[in-house]
Amino acid sequence: MTPAKLAATVLSAARAVFETRGLDTSALPEATTVERPRNPEHGDYASTLALQLGKKAGVPPRELAAALAEELGRQPGVKSVEIAGPGFLNIRLDAAAAGVLARDIVLAGESYGHTGSLTGEKINLEFVSANPTGPVHIGGVRWAAVGDALSRLLRAAGATVGTEYYFNDAGSQIDRFAKSLYASAKGEPAPEDGYGGEYIAEIATAVQAEAPDVLKLGEPEALETFRRVGVELMFAEIKQSLTEFGVHFDTYFNEKDLHNRGELQEALDRLREQGHIFEADGATWLRTTEFGDDKDRVLRKSDGDWTYFAADCAYYLDKRKRGFDRVVIMLGADHHGYIGRMKAMSACFGDDPSKNLEILIGQLVNLVRDGEPVRMSKRAGTVVTLEDFVDALGVDATRYALARYSSDSPINLDIAVWTRATNDNPVYYVQYVAARTFNVARQAAEIGMARGDAADFRPDLLGHEKENELLKTLGEYPDVVARSAQLREPHHVARYLEEVAGAYHRFYSECRVKPQGDDPVTEVNVARLWLNDATRTVIANGLGLLGVSAPERM
RNA sequence: GCGCUCGUAGCUCAGCGGAUAGAGCAACGGACUUCUAAUCCGUCGGUCGCAGGUUCGAAUCCUGCCGGGCGCGCCA
């Protein structure tokens, strides 16, 4: 019996009660959930449905709860139902009804947790989007980990997802990058507003290797070469570090294409048709204040050039035209000032900004050692890069550490903690479960012990307190996936996996899977092997959503 | 000044309007002849920043205040 099935049972019991008593069934919700009480004395699961419906139905909650409890108590698999407090229903399941979950999970395998809760949604997810003027730095790293995890999560929830990296290789930042490379190649110091760090020298040298005569060209031609080749090399390097980090983008979108295809003009025309464009001081404006922005925004400057915001509009329109009904953009906290104009822009196109555009803001990350901020990059000066992270923590620990916290929280990651191979380190705590479950299965196989046919599985033998706790925890996984996807918050998955890990370790220390010594293999051992393998499935699936490996040995 | 955001145990952080607010670390005390001790068990630890409001019920929602971070260009 999964929590979802139990919740459905509770709801149908409520419907039966309403019908017998002649109550208005329109007061019933479309769906309900059961929760796991913190206090084990409150049963396996609890429902607050009677509390919620009491007022609507005009029946005292406790009275409603009593009727519901009676009805529910007759359902197969339900062992007992108690009423507590103002009208909580505390439900206990038969060991057998709880235990079949182990078999269901094993049989579902990789698909366990794939809910379909977002089926039919077409979501565009943009993250990192760093310009190719340097290595991906600390803020981008957080989004690389969180954004990639979110894309996996959304897919697991059934959504169609397109991941996207937006970059600009024509703006003034790129000009400064080219000037910095040029200066470096000539042995001159970086320009006032240019880029520093050793990587500039490395890229400059690499450009000269590809274009040996570059310094003999006139300055405009030389700059153009440094710009073109430098961007190409830098971008290749960014893609390479992202690939090594396990992050792949479906689309790398170049701002220049928007200009070349006339999409900025098209966006402007579209906004004008909607009646939100006006001219003032020689410039063309979008009246974003109409939809709550602080001030109106310029799309085309008085000198005829487009603003960056105009490209944002065109890019948004482009995504929408490609059929994405939800445009999700992940930005650093320093960009939160864009939310107002972006939401207003969406509304100016006639969209619903609360549905079609989501902007997720991530707080900053500090890498610390002994409480002191780390400035460790040899290549990028004071900036900590993706490569620095991976060098210091490894891919698994970096991804896990960054995906473990709410993006709303600024985080301080202590290198000492995340490189330690002990249970201080949450990623090892979770991964160790994977290793243990593999090891248990290996050991069992060595003595010829096997799960056997699913039909012979004895769920009623999983009656131990620790088995019950583990089963209930494993049963929460689909809800965790659905909720994390809905909230766009992958950190719930990590926290949940830590709960699973705790439940498994406690099970492991009290319940033998493989018989001790030369003891014979019993049906209990076999039932536990199913539970062991179900845990491995959940841990592997969950870590997979975070892009973290589930090692067979540690 | 205006806006966004955060404030929960000594530390790092969870916590969907539900019951006695949790986890890990730190501190202290236990458990390996056993399927991996990278683990488990126990003790200690709280004015959920403050004050109101909404209701059967608020750490959670609303308002105000205090404190930290960030943002407020015809820049990109």
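Every chain is numbered from 1 and lettered A, B, ... according to where its sequence line falls, protein lines coming before strand lines.
- Straight-line distance between the P atoms of B/C2 and B/U63: roughly 15 Å, to the nearest whole Å.
- Within the 4.0 angstrom heavy-atom criterion, base atoms lie near A/Asn90.
- Picking from B/C75, B/C74, B/A14 the nucleotide with the shortest atom distance to the side chain of A/His492 gives B/A14.
- The listed nucleotides are B/C74, B/A19, B/C35; the one nearest the side chain of A/Val440 is B/C35.
- Nucleotide B/C48 forms no Watson-Crick or G-U wobble pair with any nucleotide shown, as no partner meets the under 3.5 Å limit on both distances.
- No engagement by A/Asp303 is indicated, since no non-hydrogen atom pair under 4.0 Å with the nucleic acid exists.
- Where A/His491 and A/Thr307 meet RNA chain B, the nucleotide closest to each residue was compared, and A/His491 sits on the side nearer the 5' end.
- Comparing B/A14, B/A76, B/A19 by their nearest atom to the side chain of A/Phe88 picks out B/A19.
- Atom CD of A/Glu192 is surrounded by 12 or fewer heavy atoms from other residues, nucleotides or ligands within 6.0 Å.
- Within 4.0 Å of A/Ser406, counting heavy atoms only, lie sugar-phosphate atoms of the nucleic acid but no base atom.
- For the pair A/Arg404 CZ and B/U12 P, the interatomic distance rounds to 13 Å; values are reported in whole Å.
- For the pair A/Arg142 CZ and B/G69 C1', the interatomic distance rounds to 13 Å; values are reported in whole Å.
- Regarding the sugar-base torsion, B/C32 falls in the syn class, its angle being within 90° of 0.
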Check the pair A/Thr535 / A/Arg436 against side-chain hydrogen bond (donor to acceptor under 3.5 Å, both in side chains), numbers first and verdict last. CA-CA 10 Å; A/Thr535 305; A/Arg436 270 191 157 172; over 6 Å; no

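- The phosphate of B/C40 has OP1 or OP2 within less than 4.0 Å of a side-chain N or O from A/Tyr429.
- Residue A/Ala444 is classed as having no contact, given no heavy-atom separation below 4.0 Å to the nucleic acid.
- Contacts of A/Ser172 with the nucleic acid, taken as non-hydrogen atoms under 4.0 Å apart, involve only primed sugar atoms and P, OP1 or OP2.
- Spacing between atom CG of A/Asp312 and atom P of B/A76 amounts to 11 Å, rounded to whole angstrom units.
- By the 6.0 Å contact criterion, NZ on A/Lys179 is open, its count of non-hydrogen atoms from other residues, nucleotides or ligands being 12 or less.
- Spacing between atom CD of A/Gln443 and atom P of B/C35 amounts to 7 Å, rounded to whole angstrom units.
- Taken to the nearest 0.5 Å, the CG atom of A/Leu299 stands 6.5 Å off from the CG atom of A/Leu271.
- Summarising the geometry, atom CG belonging to A/Asp479 is positioned 9.0 Å from atom OG1 belonging to A/Thr115; distances are rounded to the nearest 0.5 Å.
- For the OP1/OP2 pair of B/A37 and a distance below 4.0 Å, the side-chain nitrogens and oxygens of A/Arg436 include at least one atom meeting the criterion.
- When the P atom is used for both B/U60 and B/G49, the distance is 8 Å, rounded to whole Å.
- Rounded to whole Å, atom P of B/G69 lies 21 Å from atom OH of A/Tyr405.
- Of the residues in residues 290-299 of chain A, those placing a heavy atom less than 4.0 Å from an atom of RNA chain B are A/Lys295, A/Val298, in numerical order.
- Here the shortest heavy-atom pairing between A/Thr284 and A/Arg272 reads CG2-NH2, 4.4 Å.
- Note on A/Ile411: only backbone sugar-phosphate atoms sit closer than 4.0 angstrom, heavy atoms only; bases stay farther off.
- Of the candidates B/A38, B/G71, B/G18, B/G71 carries the atom nearest the A/His336 side chain, counting heavy atoms from C-beta on.
- Residue A/His42 and nucleotide B/A19 are classified as a stacked aromatic pair, their ring centres being separated by less than 5.5 Å at an interplanar angle below 30°.
- Residue A/Ala283 is classed as a base contact, given a heavy-atom separation below 4.0 Å to a base.
- In this structure, the CD1 atom of A/Ile361 is 13 Å from the C1' atom of B/G3, given to the nearest Å.
- Spacing of C1' atoms, B/C16 relative to B/U12, comes out at 24 Å, to the nearest Å.
- Counting non-hydrogen atoms under 4.0 angstrom, A/Ala84 reaches a base of the nucleic acid.
- The shortest non-hydrogen separation linking A/Pro37 to A/Tyr45 is CD-CA, 3.9 Å.
- One can place CG of A/Asp281 at 9 Å from C1' of B/C74, the figure rounded to the nearest angstrom.
- Between the CG atom in A/Asn532 and the CZ atom in A/Arg451 there is a gap of 9.5 Å [rounded to 0.5 Å].
- Rounded to whole Å, the separation between the C1' atoms of B/G3 and B/G42 comes to 50 Å.
- Under the Watson-Crick or G-U wobble criterion, with both distances below 3.5 Å, B/G7 is paired with B/C66.
- Under the Watson-Crick and G-U wobble criteria, each requiring two contacts below 3.5 Å, nucleotide B/A37 is left unpaired.
- No more than 12 heavy atoms of other residues, nucleotides or ligands sit less than 6.0 Å from atom NE2 of A/His137.
- Straight-line distance between the C1' atoms of B/C40 and B/C32: roughly 11 Å, to the nearest whole Å.
- The number of heavy atoms from other shown groups lying within 6.0 Å of CD (A/Glu465) does not exceed 12.
- Closest contact between the side chain of A/Asp334 and the listed nucleotides B/C13, B/C6, B/C70 involves B/C70.
- A gap of 14 Å separates the C1' atoms of B/C13 and B/A59, to the nearest Å.
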When you look at A/His259 and A/Leu264, which way does the side chain to side chain contact (heavy atoms under 4.5 Å, CB included) test go after all the steps? CA-CA 6 Å; A/His259 288 88; A/Leu264 280 78; 3.7 Å; yes

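- Proximity note for A/Tyr428 (side chain, C-beta onward) versus B/A38, B/A76, B/U5: the nearest is B/A38.
- When the C1' atom is compared between B/U54 and B/G10, the two are found 36 Å apart, to the nearest whole Å.
- Here the closest heavy-atom approach between residue A/Ala14 and residue A/Leu28 is recorded as CB-CD2, 3.9 Å.
- Across all strands shown, A/Ser409 has heavy atoms under 4.0 Å from sugar-phosphate atoms exclusively, and none from any base.
- Checking A/Glu255 against A/Arg483, the closest nucleotide of RNA chain B that is more toward the 5' end is the one next to A/Arg483.
- Nucleotide B/C72 holds its P atom 13 Å from the CD1 atom of A/Ile339, rounded to whole Å.
- Within the model, atoms CG of A/Asn131 and CG of A/Asn168 stand 5.0 Å from one another, a figure rounded to the nearest 0.5 Å.
- Contacts between residues 496-518 of chain A and RNA chain B, defined by a heavy-atom separation under 4.0 Å, are made by A/His505, A/Arg506, A/Tyr508, A/Ser509, A/Cys511, A/Arg512, A/Val513, A/Lys514, A/Gln516.
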